[in-house]
There are 2 protein chains.
Amino acid sequence: MQIQQNIKVAVDAVVFGYNENKLQVLLIQQKFGLEKDNWALPGGFVKDDETLDEAVVRELKEETSVKANYLEQLYTFGKLDRDKRRRVVSIAYLALLNTKDFTIRADTDAKDVQWFDFDKIPALAFDHKDILMMAYKRLQAKINYQPIGFELLKNEFPFSAIENLYQTILNKKIDRRNFRKKLLSFGFIEETEKIHKPSSGRPAKLFKFNQKKYNELIKTGIHFEIKFA
Amino acid sequence: MQIQQNIKVAVDAVVFGYNENKLQVLLIQQKFGLEKDNWALPGGFVKDDETLDEAVVRELKEETSVKANYLEQLYTFGKLDRDKRRRVVSIAYLALLNTKDFTIRADTDAKDVQWFDFDKIPALAFDHKDILMMAYKRLQAKINYQPIGFELLKNEFPFSAIENLYQTILNKKIDRRNFRKKLLSFGFIEETEKIHKPSSGRPAKLFKFNQKKYNELIKTGIHFEIKFA
DNA sequence: TATTTTTGCGTAAAATTGACACTAATGCAA
DNA sequence: TTGCATTAGTGTCAATTTTACGCAAAAATA
């Protein structure tokens with residue numbers, strides 16, 4: 001049986017980074033083609049012999065040379081005129097990584113790659129603004145009940161870093177004492193020996209997220225909810 | 001630019017119903033073809049000129065003659081060998097409806113259509129079992145913070161109905177008094193004048209979910225969380 | 001050594017959750 | 001008609017969780 005269908009399948013990724021208390025997004029700029037000069041989410045067509053997950057990982061590597069710390073499927077966009085040249089259904093992903101871990105570089109297709117502060121995103125190609133906003137909402141919702149915020153930080157971090165991260169992403173003030181108490185009470189964040197010297201003020205212990213501990217806790221059916229007034 | 005890609009795009013729907021205190025799933029059976037005699041989720045290929053949402057609605061109508069009360073995109077499945085005949089990427093949907101609202105009927109393709117109790121699902125074609133389980137988990141998770149359970153009930157229902165529904169879906173006992181207190185406290189469920197006579201026992205007031213009220217409450221930023229010990 | 005900056009900690013009031021048992025209304029059978 | 005079985009409807013108190021809030025400690029710098 002032959003199926004008449006002329007739809008192409010693509011993947012796109014909203015890659016969030018975090019740098020100097022700013023949430024950032026990784027974008028690429030087409031130097032040629034129909035969408036020349038337009039910034040867009042990294043992504044591309046899925047190959048016949050790769051899964052969707054593999055496709056995003058590949059595209060991210062090829063286009064931006066980064067490797068996500070965390071990657072989850074977000075939503076599939078399928079409006080008819082998303083792409084004016086042809087019908088494209090795109091599976092969008094949400095990716096998190098620590099900005100400092102990578103030197104981004106434009107790939108051979110002469111694309112430009114750049115981090116943008118989330119509050120200074122330029123006009124985007126296609127329906128990528130919609131995708132971005134959905135990813136942001138998912139991120140906001142998800143850090144409240146899953147410890148994915150750590151994927152945006154270095155392996156070891158002062159407590160104030162995770163605290164600022166939550167405030168930045170949720171865009172609201174959080175009581176430092178209550179936040180710390182609650183987060184530590186879960187038991188998946190551990191103190192290290194190391195200390196961090198801030199540019200001024202009292203030195204801080206470094207903490208790290210213990211993934212194994214977290215997995216164990218999850219298995220026991222414990223349910224986290226990191227919400228703050 | 002010509003893209004070399006040979007991937008077909010399909011949609012599949014996990015349709016949940018609720019009948020006599022049982023969660024049910026709507027399945028179809030291919031009478032012919034490679035998957036002959038196998039039960040499967042309703043679904044099919046997306047047409048070039050319809051969106052994904054439109055495709056599911058159409059397929060549901062064509063294959064099972066039902067119209068979902070609630071429909072949300074679930075996840076997109078893209079493993080290489082999901083379908084042995086060709087590469088198919090399938091966008092799965094979660095649908096809810098009140099079983100009694102419809103007389104299901106097999107369509108012209110001579111498919112058989114049937115409701116199955118969720119705990120008596122037969123072997124399913126393709127990776128449909130995975131899809132089903134993911135839908136179930138989503139449903140379980142979602143009724144805790146969004147009032148989608150009502151989509152499975154008749155417009156007006158005795159309180160015990162919603163109570164049983166939660167117990168069935170979450171698969172645990174819930175304290176009747178606390179449940180009622182909390183759910184009513186949200187303010188989006190209203191009493192009607194009508195009463196319902198159970199086969200035995202004291203008659204019950206009928207309640208209804210007030211969607212408008214809910215929307216208003218949501219706008220004011222109120223956040224519900226219907227979790228129970 | 002005084003000032004600034006950031007870290008680190010405890011307590012009490014308020015709100016929410018969880019546990020728990022009896023009365024009310026109806027149908028049916030004795 | 002009475003009593004039995006069945007389901008609906010309701011309130012209180014203890015325990016837990018959440019929220020609000022302020023001050024001392026460690027370092028750098030002036």
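Lettering follows sequence order; numbering is per chain, from 1. Values reported hereafter were calculated over all heavy atoms of this structure, with side chains retained and with hydrogens, waters and symmetry mates removed. Computed from a predicted structure; not experimentally measured.
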**Prompt:** Under the side-chain hydrogen bond (donor to acceptor under 3.5 Å, both in side chains) criterion, do B/Y70 and B/E72 qualify, and how do the steps go?
**Reply:** CA-CA 7 Å; B/Y70 174 85; B/E72 77 166 46; 2.3 Å; yes
Separation of D/dC21 atom C1' from A/K173 atom NZ, nearest Å, is 16 Å
Side chains of B/I189 and B/F150: closer than 4.5 Å at any heavy-atom pair? yes
By nearest-nucleotide position on DNA chain C, the 5'-leaning member of A/N178 and B/K182 is A/N178
note: B/F224, atom CZ; C/dT16, atom P; distance rounded to Å ~ 13 Å
B/I226 CD1 to C/dG18 C1', in whole Å, measures 17 Å
Checklist entry - What class does the angle between the rings of A/F207 and A/F159 fall in, given that below 30° is parallel, 30 to 60° is tilted and above 60° is perpendicular? => result perpendicular
- What do you reckon, is NZ of A/K182 surrounded by more than 12 foreign heavy atoms closer than 6.0 Å? yes
Indicate, with a heavy-atom threshold strictly under 4.0 Å, whether B/K181 touches base, sugar-phosphate, or nothing. base
Rounded to whole Å, the CG-P distance (B/D175 to D/dT10) equals 14 Å
B/L183 CG to D/dG9 P, in whole Å, measures 14 Å
Taking side chain as C-beta onward, heavy atoms only, is A/T76 less than 4.5 Å from B/Y75?
-> no
For nucleotides 3-9 of chain C, tabulate all protein N/O to nucleotide N/O atom pairs closer than 3.5 Å, reporting atom names and distance.
residue: C/dT5; atom: O3'; partner: A/S200; partner atom: OG; Å: 3.1
residue: C/dT6; atom: O2; partner: A/R202; partner atom: N; Å: 3.2
residue: C/dT7; atom: OP1; partner: A/S160; partner atom: OG; Å: 2.6
residue: C/dT7; atom: O2; partner: A/R202; partner atom: NH1; Å: 2.9
residue: C/dG8; atom: OP1; partner: A/K205; partner atom: N; Å: 3.0
residue: C/dG8; atom: OP2; partner: A/R180; partner atom: NH1; Å: 3.0
residue: C/dG8; atom: OP2; partner: A/R180; partner atom: NH2; Å: 3.2
residue: C/dG8; atom: O5'; partner: A/R180; partner atom: NH2; Å: 3.4
residue: C/dG8; atom: N7; partner: A/R176; partner atom: NH2; Å: 2.6

Between CD of B/E225 and P of D/dT18 the distance, given in whole Å, is 11 Å
In whole angstroms, the gap separating C1' of D/dT18 from NE2 of B/H223 amounts to 14 Å
Interatomic distance, OG1@B/T168 vs CG@B/L152, rounded to 0.5 Å, equals 10.5 Å
Rounded to whole Å, CZ of A/F179 lies from P of D/dA20 at a distance of 16 Å
